[in-house]
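To start, the structure itself, in structure tokens.
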Amino acid sequence: MKKIITKDILEAWLDNVRPYAKDGKVADYIPALARSNPEDLAVAVVDLEDECVSAGALESQFTLQSISKVLSLAQALLDNGEDYVFERVGMEPSGDPFHSIYKLEQLNPSKPLNPMINAGALAVTNMIHGVTPDEKVGRLLSFIHDLTDDQSIRYNEEVSSSEFGTAYLNRSLCYYMKQHGVISGSVEENLDAYTKQCAIEVNIHHLARIGAIFANEGKDLNSGRQILPRHLARICKTFMVTCGMYDASGSFAIRVGIPAKSGVSGAVVGSVNGYGGIAVYGPALDDRGNSVVGLKLLELLSNRYDLSIF
Ligand SMILES: NC(=O)CC[C@H](N)C(=O)O
């Protein structure tokens with residue numbers, strides 16, 4: 001990959017897509033995210049030999065937000081196995097916005113449609129082993145330390161408490177699911193764990209490396225150690241294709257064709273089997289909650305390097 005994608009190319013392309021940032025808006029429903037700078041753009045590609053090519057605001061740190069849903073799903077699957085997890089959360093795209101409560105009420109039995117919408121992710125967090133929220137998040141962080149090869153990654157307390165204080169919709173989803181027996185225990189503690197997982201803070205290189213390990217079928221890029229069993233990596237990537245870009249997953253699959261997951265911080269991670277991981281950061285979002293610059297850049301990269309899996 002490094003033979004064809006160079007830093008110069010990534011820098012030139014970042015400059016090409018920079019003007020699109022003005023078409024989006026940073027997320028402001030989480031107060032701490034409203035202060036992000038829409039001009040901070042970054043891109044990184046990590047290949048299966050762990051070589052990284054990157055450009056832009058490489059020092060920027062950002063929170064995973066919904067990208068954490070892929071990792072919490074992996075953790076819940078490791079902890080409980082597929083049968084347990086998929087008895088409680090479905091496998092189908094919802095076609096609704098990520099925070100929608102609509103289908104929960106329509107479906108009988110009430111069960112979130114998939115782990116990438118908030119309802120499903122809140123149910124998945126509930127399944128991660130650990131007595132306290134910090135124990136759950138600590139276990140998820142250890143998994144992320146393995147994926148990134150960086151033990152220093154933590155969650156950003158300002159972002160997690162800012163979301164925790166204003167997460168009325170996510171609270172409603174939890175209470176609804178508790179009523180219907182989808183989640184158990186304290187709703188406040190579940191929300192505490194969820195908002196902390198969403199506030200896990202990384203840089204662009206970390207994120208591209210996570211994508212590369214999924215592309216490497218769950219194996220560490222250097223040691224070859226199986227961090228995540230291949231079939232679980234495959235389940236996660238399939239959800240990234242069908243639900244990873246919220247209710248824009250269909251058009252993204254057609255235009256870009258890369259298993260990918262976005263978050264309202266403006267980050268997107270893509271994973272191309274046998275090729276590597278691609279991460280883009282640009283906090284200005286479109287009306288679905290996807291990074292405007294991220295979508296443009298991934299489309300350019302995919303078309304230019306023929307990365308579509310289809
Ligand atoms: N789409 C997202 O990134 C949403 C994550 C955010 N923490 C929320 O639950 O609202």
Side-chain angles (χ1 to χ4, degrees), residues 24-36 61-73 89 93-102 104 112-126 128 133 136-137 140 144 155-177 183 187-202 207 210 239-240 242-249 252 260-270 279-295:
K25 240 172 99 303
V26 301
D28 54 9
Y29 76 98
I30 299 174
L33 291 186
R35 291 193 288 279
S36 320
Q61 295 261 103
F62 47 83
T63 54
L64 288 173
Q65 298 302 333
S66 276
I67 295 173
S68 70
K69 293 169 179 171
V70 180
L71 308 175
S72 57
L73 172 65
V89 60
S94 75
D96 295 327
F98 61 85
H99 42 58
S100 178
I101 200 165
Y102 178 63
L104 263 189
L113 271 168
N114 68 70
M116 301 294 123
I117 51 173
N118 283 11
L122 287 158
V124 165
T125 300
N126 195 244
I128 294 177
K136 286 178 187 237
V137 178
L140 184 59
I144 293 174
Y155 65 85
N156 178 319
E157 276 196 60
E158 190 202 346
V159 176
S160 61
S161 49
S162 156
E163 179 173 9
F164 185 81
T166 54
Y168 307 114
L169 210 43
N170 284 336
R171 268 191 181 80
S172 317
L173 291 167
C174 284
Y175 279 111
Y176 193 89
M177 290 191 289
I183 67 171
V187 161
E188 292 303 306
E189 285 191 4
N190 197 49
L191 206 61
D192 185 25
Y194 174 79
T195 48
K196 285 174 175 163
Q197 98 179 33
C198 287
I200 292 172
E201 200 165 46
V202 296
L207 196 55
I210 292 173
F239 277 120
M240 288 162 80
T242 57
C243 324
M245 306 300 284
Y246 317 122
D247 45 335
S249 298
F252 185 84
K261 183 74 202 87
S262 64
V264 289
S265 52
V268 189
V269 61
V280 187
Y281 174 61
L285 307 179
D286 63 17
D287 56 357
R288 310 287 175 91
N290 290 317
S291 167
V292 181
V293 163
L295 294 192

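First listed ligand is number 1; within each ligand, the first listed atom is number 1.
- Counting atoms of ligand 1 from 1 in the listed order, those under 4.0 Å from a heavy atom of G263 are 3 (O).
- When each atom of ligand 1 is checked for a heavy atom of Y246 under 4.0 Å away, the hits are 1 (N), 2 (C), 3 (O).
- Under 4.0 angstrom from ligand 1, the non-hydrogen atoms of N170 all belong to its side chain.
- In terms of modelled atom types and a separation under 3.5 Å, the side chain of N190 and the main chain of A193 share no donor-acceptor contact.
- No side-chain donor-acceptor contact under 3.5 Å links Y194 to the backbone of N118.
- A donor-acceptor pair under 3.5 Å is absent between the side-chain atoms of K69 and the main chain of G263, judged by distance alone.
- Using modelled atom types, no side-chain atom of S100 and backbone atom of P97 make a donor-acceptor pair closer than 3.5 Å.
- The shortest side-chain heavy-atom distance between Y176 and L122 does not fall under the 4.5 Å cut-off.
- Note on E157 versus K196: no salt bridge recorded, every NZ/NE/NH1/NH2 to OD/OE distance being 4.0 Å or above.
- Geometrically, R288 does not engage F98 in a cation-pi contact, judged by NZ or CZ lying under 6.0 Å from the ring centre and within 45° of the ring axis.
- Listed by number with element, the atoms of ligand 1 under 4.0 Å from a non-hydrogen atom of S66 are 1 (N), 2 (C), 3 (O), 4 (C), 5 (C).
- Ranking protein heavy atoms by distance to atom 9 (O) of ligand 1, first place goes to Y194 OH, 2.7 Å.
- For ligand 1, the atoms lying closer than 4.0 Å to a non-hydrogen atom of C198 are 7 (N).
- With ligand atoms numbered from 1 in the order given, ligand 1 contributes 4 (C), 5 (C), 6 (C), 8 (C), 10 (O) to contacts under 4.0 Å with heavy atoms of Y29.
- Using a 4.0 Å heavy-atom cutoff, E163 is listed among the residues neighbouring ligand 1.
- Of all the heavy atoms of N118, the ones lying under 4.0 Å from any atom of ligand 1 belong exclusively to the side chain.
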